[in-house]
Amino acid sequence: MRILVTGGAGFLGSHLIDRLMEADHEVICLDNFFTGRKNNIQHWMGHPKFELIRHDITEPIRLEVDQIYHLACPASPIHYQYNPVKTIKTNVLGTMHMLGLAKRVKARFFLASTSEVYGDPDVHPQPEEYRGNVNPIGIRSCYDEGKRVAETLAFDYYRQNGVDIRVVRIFNTYGPRMLENDGRVVSNFIAQALRGKPLTVYGDGSQTRSFCYVSDLIEGFIRLMNSDQTGPINIGNPGEYTILELAQKIQHEINPDVDIVFKPLPQDDPKQRQPDITKAKTYLGWEPTVPLQDGLKHTIDYFREYLNISP
Ligand SMILES: NC(=O)c1ccc[n+]([C@@H]2O[C@H](COP(=O)([O-])OP(=O)(O)OC[C@H]3O[C@@H](n4cnc5c(N)ncnc54)[C@H](O)[C@@H]3O)[C@@H](O)[C@H]2O)c1
């Protein structure tokens with residue numbers, strides 16, 4: 001198949017491209033390189049089945065493809081809040097352009113949505129039926145509400161135009177190729193510990209998160225795309241840890257001598273987030289397989305090499 005991956009030079013997109021290329025598909029990577037890096041896809045450059053297009057999805061594009069994995073959108077608060085209006089344009093205009101393309105060429109369309117559609121949830125863990133508790137005018141809204149509209153658009157194209165859609169709600173995912181300084185907690189802690197700097201915990205560290213290793217997530221993507229389910233389907237690891245526990249694990253793994261320091265909690269930071277993955281288990285036969293300890297080791301090895309820090 002010829003498969004388009006928007007945001008393909010980013011963290012998740014580049015891992016997805018690895019899987020698709022290894023399965024012998026033709027892959028078109030489309031990216032504006034806002035948070036993506038050529039390094040992430042360097043190893044496929046020159047491959048006859050790989051094509052790279054520098055393009056911003058807020059502008060339309062015409063391509064002939066069989067499937068579209070639509071991932072383009074900055075994922076970390078530092079980047080999506082850098083230009084919030086652009087983030088909305090990417091989620092709304094960009095998703096419309098990609099759905100329009102899917103409609104025109106009759107491609108199956110996969111939307112990378114997010115657990116952020118649940119906002120600061122008052123139901124725990126979150127099943128797909130939960131409609132969320134999102135602040136429409138807060139500093140995270142450009143992303144949260146942007147993704148909610150992207151889901152709405154996908155379902156309206158499905159109902160109105162028969163576009164064959166798949167919608168995944170991704171929970172916190174970590175692994176090699178995350179950016180080291182984008183404020184995401186795993187990469188933050190690892191980079192800080194490797195540099196011998198104190199680990200910064202926001203709030204008292206009692207807020208919990210679930211952490212899914214990237215290879216598990218990508219397996220879920222492939223299964224959903226090739227299933228008969230439209231979704232939305234939660235993909236994430238239900239193992240729940242407090243942020244302080246995560247800091248302590250990384251501190252222990254890298255350098256027990258680094259301090260942990262506490263800073264004020266940012267606005268609208270969710271207190272708890274944990275996926276209910278009953279649907280993924282039932283309909284896709286999917287569940288995570290990589291324990292946090294192992295995933296952290298792979299991620300630490302990557303950052304050690306990337307930051308050029310010897311063990
Ligand atoms: N990583 C996670 O834990 C997580 C959680 C929930 C949802 N997601 C979603 O998964 C997708 C990928 O996330 P990621 O972690 O790989 O983030 P990322 O920032 O590494 O990747 C996003 C990619 O999209 C590109 N991009 C951004 N705006 C674009 C535009 N207007 N036109 C073309 N390309 C553009 C960036 O350059 C980058 O390569 C995003 O849609 C994100 O919302 C990720």
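Each residue takes its place number in the sequence, starting with 1. All ligand and atom numbering here is 1-based and tracks the order in the structure.
- Members clustered with Tyr118: Val117, Val123, Tyr130, Phe171, by chain and number, using a 4.5 Å side-chain heavy-atom cutoff among hydrophobic residues.
- The main-chain N or O of Ile243 is never found under 3.5 Å from a side-chain atom of Gln207 such that the two would form a donor-acceptor pair.
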**Report entry** Candidate pair Asp216 and Thr289, rule side-chain hydrogen bond (donor to acceptor under 3.5 Å, both in side chains), full reasoning
**Finding:** CA-CA 7 Å; Asp216 279 336; Thr289 59; 2.8 Å; yes
For ligand 1, list every N/O pair with the protein closer than 3.5 Å, one pair per line with the distance.
residue	atom	partner	partner atom	Å
ligand 1	1 (N)	Arg184	NH1	2.6
ligand 1	3 (O)	Thr173	N	2.9
ligand 1	15 (O)	Arg184	NH1	3.0
ligand 1	15 (O)	Arg184	NH2	3.1
ligand 1	16 (O)	Phe11	N	3.3
ligand 1	16 (O)	Leu12	N	2.8
ligand 1	19 (O)	Thr35	OG1	2.6
ligand 1	20 (O)	Phe11	N	2.9
ligand 1	24 (O)	Cys73	N	3.4
ligand 1	26 (N)	Asn32	OD1	3.3
ligand 1	31 (N)	Asp56	OD1	3.0
ligand 1	31 (N)	Thr90	OG1	3.2
ligand 1	32 (N)	Ile57	N	3.0
ligand 1	34 (N)	Asn32	N	3.2
ligand 1	34 (N)	Asn32	OD1	3.3
ligand 1	37 (O)	Asp31	OD1	2.6
ligand 1	37 (O)	Asn32	OD1	3.3
ligand 1	37 (O)	Phe34	N	3.0
ligand 1	37 (O)	Thr35	N	3.0
ligand 1	37 (O)	Gly36	N	3.0
ligand 1	39 (O)	Gly10	N	3.1
ligand 1	39 (O)	Asp31	OD1	3.1
ligand 1	39 (O)	Asp31	OD2	2.5
ligand 1	39 (O)	Gly36	N	3.2
ligand 1	41 (O)	Leu71	O	2.8
ligand 1	41 (O)	Lys147	NZ	2.7
ligand 1	43 (O)	Tyr143	OH	2.5
ligand 1	43 (O)	Lys147	NZ	3.1

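- In summary, Glu116 and Arg140 engage in a salt bridge, as defined by a charged side-chain N under 4.0 Å from a carboxylate O.
- Listed by chain and residue number, Tyr306 satisfy the ring pair (Phe, Tyr, Trp, His ring centres under 6.0 Å) test with Tyr302 (two or more places apart in sequence, or in another chain).
- The ring pair (Phe, Tyr, Trp, His ring centres under 6.0 Å) analysis of residues 228-260, with sequence neighbours excluded, yields no pairs.
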